[in-house]
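Below, chain A is the first sequence line, B the second, and so on; all start at residue 1.
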There are 2 protein chains.
Amino acid sequence: MMKEKFTGDELLALFEALSNPHRLRIISILAEGKQYVSQLAREAEMSRPLLYMHLQKLEKAGMVKTEMTVSEDGKAMKYYELLPFDFHITPELIRDAVKTLTIKKKEGNKK
Amino acid sequence: MMKEKFTGDELLALFEALSNPHRLRIISILAEGKQYVSQLAREAEMSRPLLYMHLQKLEKAGMVKTEMTVSEDGKAMKYYELLPFDFHITPELIRDAVKTLTIKKKEGNKK
DNA sequence: TACACCTGTAATATATTTATTACAGGTGTT
DNA sequence: AACACCTGTAATAAATATATTACAGGTGTA
């Protein structure tokens with residue numbers, strides 16, 4: 001994800017996704033390799049419902065992708081994988097993005 | 001501010017500062033040049049008290065610096081200036097920063 | 001003096017984010 | 001059947017972030 005251009009809303013979603021210590025830790029764990037939800041919850045030391053909430057923000061920002069598989073012993077497994085990225089954040093990038101920023105009262109919160 | 005290394009807390013403060021549409025707009029305005037508080041409030045179309053709150057987050061993240069001056073006609077003027085930056089955000093950067101991340105219940109909120 | 005600017009902050013209300021609890025339903029193994 | 005895993009979500013509580021209101025106090029000019 002070597003994105004050159006962002007809309008204001010995309011950039012904002014990205015920063016929002018990155019603005020929480022638990023999500024930074026989740027990213028850090030996923031940087032080591034894909035992982036399934038329950039195991040990720042154990043490693044990140046948080047409940048699954050809470051983890052889902054954080055993962056949804058990362059997903060909304062386009063930082064992770066998911067993959068449903070079935071394990072050898074037949075269990076459904078949902079894997080999360082971190083998409084590679086290298087963002088260059090400059091005042092100019094922000095200035096351009098702000099032009100397309102829609103400041104709204106958070107209605108688009110449903111996935 | 002071509003920072004190469006961040007502590008976890010510094011990086012988090014940075015992302016928190018960037019995770020609000022009004023603050024992105026403030027950055028965008030300041031990218032054009034330094035400005036004093038009242039004028040900035042008019043350009044950003046927000047009240048001064050609210051603007052102060054946002055500016056404090058930018059200050060906490062080390063993105064702006066301030067300068068008190070006295071105008072020709074004797075008025076006290078507080079100028080805010082955007083510090084230049086070019087952040088390269090990668091999974092590795094986050095992974096390193098997370099090592100020094102202190103997850104706390106926000107006590108250090110006083111400037 | 002009244003007015004038009006400027007800085008600064010405390011107290012409070014509102015909105016959003018974060019976190020928890022309690023569920024439902026699936027598989028394979030003992 | 002009971003157990004140990006897995007996914008998924010709704011309802012709610014608690015903590016923070018955002019926004020407003022109401023102040024106090026400074027300067028120079030009409």
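Taking atom CG of B:Leu55 as the reference point, atom C1' of C:dT7 lies 13 Å away to the nearest angstrom. Atoms OH (A:Tyr52) and P (D:dA11) sit 18 Å apart, rounded to a whole Å. Following rounding to the nearest Å, B:Glu16 (CD) and C:dT16 (P) show an atom-to-atom distance of 18 Å. Rounded to whole Å, the distance from CG on B:Leu51 to C1' on C:dT9 is 14 Å. Rounded to a whole Å, the CE atom of B:Met53 is 18 Å from the P atom of C:dT12. Rounded to whole angstrom, the span from the NE2 atom of B:His54 across to the C1' atom of D:dA17 amounts to 9 Å. If you measure from atom NZ of B:Lys57 to atom C1' of D:dT16, you get 8 Å, rounded to the nearest angstrom.
Contacts between residues 23-42 of chain A and DNA chain C, defined by a heavy-atom separation below 4.0 Å, involve A:Arg23, listed by number.
When the nucleotides D:dG8, C:dT20, D:dA17 are ranked by their closest atom to the side chain of A:Met68, D:dG8 comes out on top.
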Could you tabulate the donor-acceptor pairs under 3.5 Å formed by side-chain atoms of residues 70-78 of chain A, not counting sequence neighbours?
| unit_1 | atom_1 | unit_2 | atom_2 | d |
| --- | --- | --- | --- | --- |
| A:Ser71 | OG | A:Asp73 | OD1 | 2.5 |
| A:Ser71 | OG | A:Lys75 | N | 3.0 |
| A:Ser71 | OG | A:Lys75 | O | 3.3 |
| A:Asp73 | OD2 | A:Lys75 | NZ | 2.9 |

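When the side-chain contact (heavy atoms from CB on, under 4.5 Å) test is applied to A:Ser28, the partners found at least two apart in sequence or on another chain are B:Arg95, B:Val98. Every side-chain contact (heavy atoms from CB on, under 4.5 Å) that B:Ala41 has, sequence neighbours left out, goes to B:Arg48, B:Leu51. Listed by chain and number, the residues in a ring-ring contact (aromatic ring centres under 6.0 Å, His included) with B:Tyr79 are B:Tyr36 (sequence neighbours excluded). Qualifying side-chain contact (heavy atoms from CB on, under 4.5 Å) partners for B:Thr100, counting only residues two or more places apart in sequence or in other chains: B:Thr7. Here A:Leu82 pairs with A:Ile27, A:Leu30, A:Ala31, A:Val64, A:Phe85, B:Pro91 under the side-chain contact (heavy atoms from CB on, under 4.5 Å) rule; sequence neighbours left out.
The 5' end of DNA chain D is approached more closely, in terms of each residue's nearest nucleotide, by A:Lys78 than by the other of B:His22 and A:Lys78.
The phosphate of D:dA17 (OP1 or OP2) has no side-chain N or O of B:Asn20 nearer than 4.0 angstrom.
Considering every non-hydrogen atom in both A:Arg25 and A:Glu43, the closest pair reads NH2-O, 4.0 Å. The shortest non-hydrogen separation linking A:Leu93 to A:His88 is CD2-O, 3.7 Å.
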Dump every N/O contact between nucleotides 22-29 of chain D and the protein below 3.5 Å, one line per pair.
none

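Applying the salt bridge (Lys or Arg N to Asp or Glu O under 4.0 Å) test to every pair with at least one member in residues 49-58 of chain B, sequence neighbours left out, gives no pairs at all.
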